[in-house]
Protein chains: 2
Amino acid sequence: MFSTFRDRFPIDDKKRNEYVSYFKLMKVPAKTRLLEEGKISKKMFLIETGCIRVWFNNNGKDVTTQFFFENNMVGSIESFRKNIPSPVTIETIEPSVLWWIHKKDLDKIMEEIKEIPSLRDMFIDAIFDRTYDYMKQFISSIKDSPEQRYLNLIQERPQIIRRIPQHYIASYLGITKVHLSRIKSKLAKG
Amino acid sequence: MFSTFRDRFPIDDKKRNEYVSYFKLMKVPAKTRLLEEGKISKKMFLIETGCIRVWFNNNGKDVTTQFFFENNMVGSIESFRKNIPSPVTIETIEPSVLWWIHKKDLDKIMEEIKEIPSLRDMFIDAIFDRTYDYMKQFISSIKDSPEQRYLNLIQERPQIIRRIPQHYIASYLGITKVHLSRIKSKLAKG
DNA sequence: CTGATTTGTTAACAAATGTTATCGCGGGAG
DNA sequence: CTCCCGCGATAACATTTGTTAACAAATCAG
């Protein structure tokens, strides 16, 4: 799991081992809530195996905003960064193996990283990439039909299609599960 | 225009004057294209007066993705940062007074800023805020109806309602101008 | 001022999407 | 094994949204 760290982060072994030691292993069943809407986030999670969805309650209906898989880092960044109640619930879909790190430890790592120019730039790039992702998703939502967005998902994120229950995907696309089912059957015929 | 700089940026007068000297004034009429889709962005713009929209061509139809007003910094960040062709056109809506800065000068400023912890953190915060904005917009697009999104706009960005032609707003909301007109008349009656 | 262009409204109809309900399949709990 | 229950498909009907077209109002160039 941490081998990618070794390749990409130019820090000495001692430091790296210290950083790695902050992460703790946990195994959880499906549908485990790692963070509840309204609570303040104190942990970030790194997925070794399994998958996770991020969602919130909108007038009694689930709205799914993100999916995460192996090697992704998951957390309510907004809650984490600003110490405000999380707008979302974070929940496993499959039984999962996770590494988690406490906020105070991650903050410490971040402070140190920001003094190393190459790492700092990687960090900034990562944030920018995140911004571009959301930008693309927003643009797609006003430019593409639900059918087109489903096709995009097949192309760009086949894992979602393969591993995620369909009603979560529908919620993620902003449509009902009935409508998604119709889109699928239409595509199967056409 | 640059008075906010003085208050918020803890750098000495000499440096600040150097930075300010990089910005050049320009006055342009409405519908001036500051950056064309497909070109590589070499400039960022700071709006003194006027407003700007960002849009791209989607199978012959305008899709508007952003609006900017006074004191906003505008540019195709993606093109600017990665030196790739801009996915969008940037165009004034009203006659505008702008300050522009060349990429190489802004890069220089950025490199220096990143060595000053408080400024660096401000910069990182700014990127995060941008990410949250897009995140919110994306979430609103899957959670809210067009009517609700229009109401949100009235609440949160009244400038858009007041100053932007309605068909651009419709395009920004991902609906047709006819539909937006219907929403307005429905709200006027209800 | 005047004609042309841009912007906004409305109506009639078509297509997309939501709602509700029903059915069936398959896996997990007991 | 059996019985739920989560998940997905489909149908019938309701509502929302798009399309096209015609017209009205506002704005702009000459």
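All figures in this text were calculated on a predicted structure; none of them were measured in a lab. The chains referred to below are lettered A, B, ... by the order of the sequence lines, with proteins before strands, and numbering in each begins at 1.
Per the geometry, CG belonging to A:Asp62 stands 13 Å off P belonging to D:dG6, to the nearest Å. Atom NZ in A:Lys186 sits roughly 16 Å away from atom P in D:dA11 (whole-Å rounding). One interatomic measurement links the two molecules: CG of A:Leu173 to C1' of D:dG8, which rounds to 16 Å at whole-angstrom precision. The nearest whole Å value for the distance from the CD1 atom in A:Ile142 to the P atom in D:dT17 is 16 Å. With rounding to whole Å, A:Tyr150 atom OH is found 10 Å from D:dG8 atom P. Atom CD1 in A:Ile183 sits about 11 Å away from atom P in C:dA16, given to the nearest Å. D:dG6 atom P lies 16 Å from atom CD1 of A:Ile93, rounded to whole Å. Between the P atom of C:dT7 and the CD atom of B:Glu94 lies a distance of 13 Å, rounded to the nearest Å.
Residues of residues 175-182 of chain B that place a heavy atom closer than 4.0 Å to DNA chain D, in numerical order, are B:Ile175, B:Thr176, B:Val178, B:His179, B:Arg182. Proximity of residues 27-37 of chain B to DNA chain D (heavy atom under 4.0 angstrom from any strand atom) is not detected for any residue. Sorted by residue number, the members of residues 151-170 of chain A with any non-hydrogen atom under 4.0 Å from DNA chain D read A:Pro165, A:Gln166, A:His167.
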Distances under 3.5 Å between protein N/O atoms and the N/O atoms of nucleotides 25-30 of chain D, please, pair by pair.
none

Can you give me the N/O atom pairs linking the protein to nucleotides 25-30 of chain C at distances under 3.5 Å, or say none if there are none?
none

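Under a cutoff of 6.0 Å and an axis angle of 45°, A:Lys103 and A:Phe80 form a cation-pi pair.
At a threshold of 4.0 Å, the pair B:Lys104-B:Asp107 does not count as salt-bridged, since none of the basic side-chain nitrogens sits closer than that to a carboxylate oxygen. Using a cutoff of 4.0 Å between basic side-chain nitrogens and carboxylate oxygens, A:Lys31 and A:Glu91 are not scored as salt-bridged. Under a 4.0 Å N-O distance rule, the pair B:Asp13/B:Arg16 qualifies as a salt bridge. Remark: B:Arg33 engages B:Glu36 in a salt bridge, criterion side-chain N to carboxylate O under 4.0 Å.
Counted by atom type alone, A:Asn83 and A:Lys42 present one or more donor-acceptor pairs between their side chains at under 3.5 Å. Side chain to side chain, B:Tyr134 and B:Gln66 meet the donor-acceptor criterion of an N or O pair below 3.5 Å. Between the side chains of B:Lys136 and B:Asn152, no donor-acceptor pair is found at a separation under 3.5 Å. Side chains of B:Gln166 and B:Lys184: a donor-acceptor N/O pair is present below 3.5 angstrom, by distance only.
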For residues 20-27 of chain B, please give each side-chain donor-acceptor pair under 3.5 Å, one per line with the distance, not counting sequence neighbours.
residue	atom	partner	partner atom	Å
B:Ser21	OG	B:Glu18	O	2.6
B:Tyr22	OH	B:Glu18	OE2	2.6
B:Tyr22	OH	B:Lys108	NZ	3.2

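OP1 or OP2 of D:dA9 sits under 4.0 Å from a side-chain N or O of A:Lys184.
Every residue meeting the ring-ring contact (aromatic ring centres under 6.0 Å, His included) condition with B:Tyr172, not counting sequence neighbours, appears here in chain and number order: B:Phe67. In terms of the side-chain contact (heavy atoms from CB on, under 4.5 Å) criterion, residue partners of B:Ser79 (sequence neighbours excluded) are, by chain and number, B:Ile40, B:Ser41, B:Ser76, B:Ser86. Listed by chain and number, the residues in a side-chain contact (heavy atoms from CB on, under 4.5 Å) with B:Glu94 are B:Cys51, B:Arg163 (sequence neighbours excluded). Partners of B:Asp133 according to the salt bridge (Lys or Arg N to Asp or Glu O under 4.0 Å) rule, which considers only residues two or more places apart in sequence or in another chain, do not exist here. For A:Arg120, the side-chain contact (heavy atoms from CB on, under 4.5 Å) partners at least two apart in sequence or on another chain are A:Pro117, A:Ile124, B:Lys114, B:Glu115, B:Arg120.
Summary for the helix from C:dC1-D:dG30 to C:dG30-D:dC1: the axes at its two ends, each from 5 pairs, differ by 50° when rounded to the nearest 10 degrees.
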